[in-house]
Trainee: 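Take a look at the following structure, please.
The structure displayed is predicted, hence computed values, not measured ones.
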Amino acid sequence: MKNPTESGGDFAKTGVKKVLSAVITQAVILGLSFITGFVMPKYMGPEKFGYWQIYIFYINFLNLFGLGFNDGFALFYGGFKFEDLPFKRVRSGMRVFYLYLLGVTAALLSVALLFGAGPKNNIYITLALNVPLACLTFFVMTVFLSVNKTAVYNGLNFLMKALATVFFVALLLSGLTRPEIMMGAETAARIIVTLICLVIGRRFLFGRDVDYRLGVKEFSEKTRNGVHIMLGIIASTFIPVAGRLVVEHTHPIAEYGLYSFATSLLTIVITFTNTAGVVIFPVLKTLPEKHLPVLYPKLSYICGNLIYVAFFVYVPFVILIRRFMPEYIPIFSYMHVLLSMCLPLGKVHLLIIPYFKALRHERAFLLLNTLGVAVMLASTLAAELVFNSVFAISVATAITMFLWFAAAEAYIVKKMGITWDIKTLLQDILFVAVFILSAGFGSLKMFLLIYGALFVLHFILNYKNLRSAVGALRMAENPSESIA
């Protein structure tokens, strides 16, 4: 079982390695994302790509129907060794979960078939069929992540992306660009990954040794505790892309395709932070709670510097679009505004979410995210009503995202009883402001001159501080030492 007395040495020996493994995996996935992120919109065109992006937008939220069962599992069993899991209890809970998923899928399909109409109905039918696939895959991946088998988690992530990419490229090379065909290909990849999950997770998914009364108790206990985390995570994921919902219902589908492409570029950039953040949570669970406040400012400082580097991805994005995708050049008017959200989003996934979970402040996290969703929808809708502009929606999205992140960090800092690092905050603001300003000139030379100069100067002046922060995260190899 998990050892509550583990400390800094374990973080140095296992935590950093696991995060590094996740980053390497995501580097490969990032390469695949470049293929799907640029090749698909190029060959599909803004309108077809717009319909495809509606499907992709909603499929990212299918875990909502899992009721937080997997998140509850992580809260209760995070840090356990695989062999120490209560297999009978987990299998019993899974039986109830299967029945629940069958009922939900049947209900969603019935609604789509009986009441659905229009070109978007095929999207809703396909989404309904994907509900059990997505929820089962999420659960199996969560189990292996909770017991620190991150290689399995990373492998499944990679496999899903690789299979889908192969299918997409094959279809595009064959001249098949209809959104319905792409949805079928993505579903086929998801079915294959789900079958693999059922095989590798058979020990805790299947077996005769089950008790339905125990299963009901397990399912209700995990969903009751995990639903707040699940809703909070989904809400935090929805906040930065809420503007897409406004654009979808107020602008032509081609304009929605352009805006979706711009937001997909943001998604590509934050791919690293999403998975690294998921891996950090089990690591934090192994540390004594007294170490968490000391680690936070160091992690925040390092995360910020990593994202400063990530801002340079603006250069290849502009080059690729100008040379190979001229029909998407209109996004240059607001792409840099959306990309500025790399900083708050990166820190949300690397710090805010793992810390809220580790400190067990699930309800506060849910409340904060619910308010964030409400404010984001209100601000983006107001921007559309007043200015009737996608640029205005982008600005409203970025400002609201930064304010939400500041509120979330203020809460974490207050609960841990530490001082808010104003220097790091001002440094983050400076880098974001200079990034937006330099990219806003529309010239890569000006961007590299202005932002590049700030970047180089910053690392020359702060090289020792950065090394010190990284060294602190390695911590003493003696588990009895405190984190300094």
Side-chain angles (χ1 to χ4, degrees), residues 23 27 30 34 240 262-263 265-273 276-277 296-322 331-352 391 394-406 408-410 413 419-473:
V23 169
L30 182 62
F34 265 91
T263 57
L265 298 181
L266 173 64
T267 302
I268 289 175
V269 178
I270 63 173
T271 297
F272 284 104
T273 57
Y296 186 86
K298 296 176 174 62
L299 282 170
S300 179
Y301 183 74
I302 292 173
C303 291
N305 281 275
L306 290 174
I307 297 168
Y308 303 158
V309 177
F311 279 141
F312 280 105
V313 79
Y314 173 78
V315 175
F317 283 172
V318 170
I319 293 174
L320 286 170
I321 294 171
R322 281 179 177 171
I331 71 170
F332 286 166
S333 63
Y334 54 82
M335 181 179 74
H336 58 296
V337 178
L338 293 176
L339 288 179
S340 71
M341 292 192 295
C342 287
L343 195 140
L345 282 173
K347 288 196 172 184
V348 164
H349 289 289
L350 281 168
L351 291 172
I352 301 300
F391 174 78
S394 303
V395 172
T397 299
I399 292 175
T400 306
M401 187 67 227
F402 277 95
L403 293 175
W404 180 88
F405 165 71
E409 186 167 56
V413 167
T419 303
W420 204 350
D421 192 344
I422 300 299
K423 180 180 178 182
T424 299
L425 176 63
L426 293 176
Q427 178 178 289
D428 289 345
I429 294 174
L430 174 64
F431 267 87
V432 169
V434 172
F435 171 77
I436 294 176
L437 175 66
S438 57
F441 284 108
S443 167
L444 289 182
K445 290 182 180 179
M446 289 295 292
F447 172 77
L448 291 173
L449 179 64
I450 299 174
Y451 184 78
L454 173 65
F455 179 84
V456 172
L457 180 63
H458 167 75
F459 275 88
I460 290 175
L461 297 177
N462 293 277
Y463 178 70
K464 290 184 178 179
N465 292 335
L466 186 59
R467 284 194 62 182
S468 174
V470 173
L473 288 184

Trainee: Taking all non-hydrogen atoms of both residues, which atom of Ser394 and which atom of Val337 are closest, and how far apart?
Mentor: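 In this case the closest contact between Ser394 and Val337 is O-CG1, 3.6 Å.
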
Trainee: List the atom pairs, with distances to 0.1 Å, where a side-chain N or O of residues 307-317 and a protein N or O form a donor-acceptor pair under 3.5 Å, not counting sequence neighbours.
Mentor:
residue	atom	partner	partner atom	Å
Tyr308	OH	Gln427	NE2	3.1
Tyr308	OH	Asp428	OD1	2.4
Tyr314	OH	Ala439	O	3.3

Trainee: Which residues pass the side-chain hydrogen bond (donor to acceptor under 3.5 Å, both in side chains) test with Ser333, sequence neighbours left out?
Mentor: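 Here no residue qualifies.
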
Trainee: Within the structure provided, determine whether Leu338 and Ile331 are in side-chain contact (heavy-atom separation under 4.5 Å).
Mentor: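 No, their side chains stay 4.5 Å or more apart.
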
Trainee: Between Leu266 and Leu345, does a side-chain contact (heavy atoms from CB on, under 4.5 Å) hold up when you go through it step by step?
Mentor: CA-CA 10 Å; Leu266 173 64; Leu345 282 173; 3.8 Å; yes

Trainee: Taking the six-membered ring for Trp and the single ring otherwise, decide whether the centroids of Phe455 and Phe459 are under 6.0 Å apart.
Mentor: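 Ring centroids of Phe455 and Phe459 are less than 6.0 Å from each other.
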
Trainee: Should Val456 and Ile460 count as side-chain neighbours, where that means a heavy-atom distance under 4.5 Å?
Mentor: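 Yes, their side chains come closer than 4.5 Å.
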
Trainee: Find the distance between CG (Leu306) and CG (Leu343) and round it off to the nearest 0.5 Å.
Mentor: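 Here the rounded value is 10.5 Å.
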
Trainee: Apply side chain to side chain contact (heavy atoms under 4.5 Å, CB included) to Ile436 and list each qualifying residue two or more places apart in sequence or on a separate chain.
Mentor: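 With sequence neighbours excluded, Ile436 shows a side chain to side chain contact (heavy atoms under 4.5 Å, CB included) to His336, Ser340, Val432, given in chain and number order.
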
Trainee: Under the rule for side chain to side chain contact (heavy atoms under 4.5 Å, CB included), what residues qualify as partners of Phe441, not counting sequence neighbours?
Mentor: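 If we apply the side chain to side chain contact (heavy atoms under 4.5 Å, CB included) test to Phe441, skipping adjacent residues, the hits are Leu437, Met446, Ile450.
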
Trainee: For Thr400, which residues count as a side-chain hydrogen bond (donor to acceptor under 3.5 Å, both in side chains) partner, sequence neighbours excluded?
Mentor: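 Checked Thr400 against side-chain hydrogen bond (donor to acceptor under 3.5 Å, both in side chains); matches are Ser379.
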
Trainee: Using the side-chain hydrogen bond (donor to acceptor under 3.5 Å, both in side chains) rule, collect all pairs that involve residues 440-457, keeping only residues at least two apart or in two chains.
Mentor: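 For residues 440-457, and leaving out neighbouring residues, there are no side-chain hydrogen bond (donor to acceptor under 3.5 Å, both in side chains) pairs at all.
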
Trainee: Of all the heavy-atom pairs spanning Gly442 and Arg322, show the shortest one and how long it is.
Mentor: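 Looking at all heavy atoms of both residues, the closest pair is O-NH2, 2.9 Å.
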
Trainee: Can you tell me how far OG1 of Thr263 sits from CG of Leu339, rounded to the nearest 0.5 angstrom?
Mentor: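 Reported value, rounded in 0.5 Å steps: 10.5 Å.
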
Trainee: Are the side chains of Leu265 and Leu320 in contact, using a 4.5 Å heavy-atom criterion?
Mentor: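 Contact flag for Leu320/Leu265 side chains = no.
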
Trainee: Go through the structure and list residues passing side-chain hydrogen bond (donor to acceptor under 3.5 Å, both in side chains) with Ser438, not counting sequence neighbours.
Mentor: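 So Ser438 forms no side-chain hydrogen bond (donor to acceptor under 3.5 Å, both in side chains) with any residue.
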
Trainee: Heavy atoms, side chains only, cut-off 4.5 Å: are Met335 and Ile321 in contact?
Mentor: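 Side-chain contact under 4.5 Å: yes.
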
Trainee: Minimum heavy-atom separation for Glu409 to Ser300, with atom names?
Mentor: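 Smallest heavy-atom distance, with atoms named: OE2-OG, 3.9 Å.
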
Trainee: Apply side-chain contact (heavy atoms from CB on, under 4.5 Å) to the pair Trp404 and Val348, showing each step before the final yes or no.
Mentor: CA-CA 10 Å; Trp404 180 88; Val348 164; 3.2 Å; yes

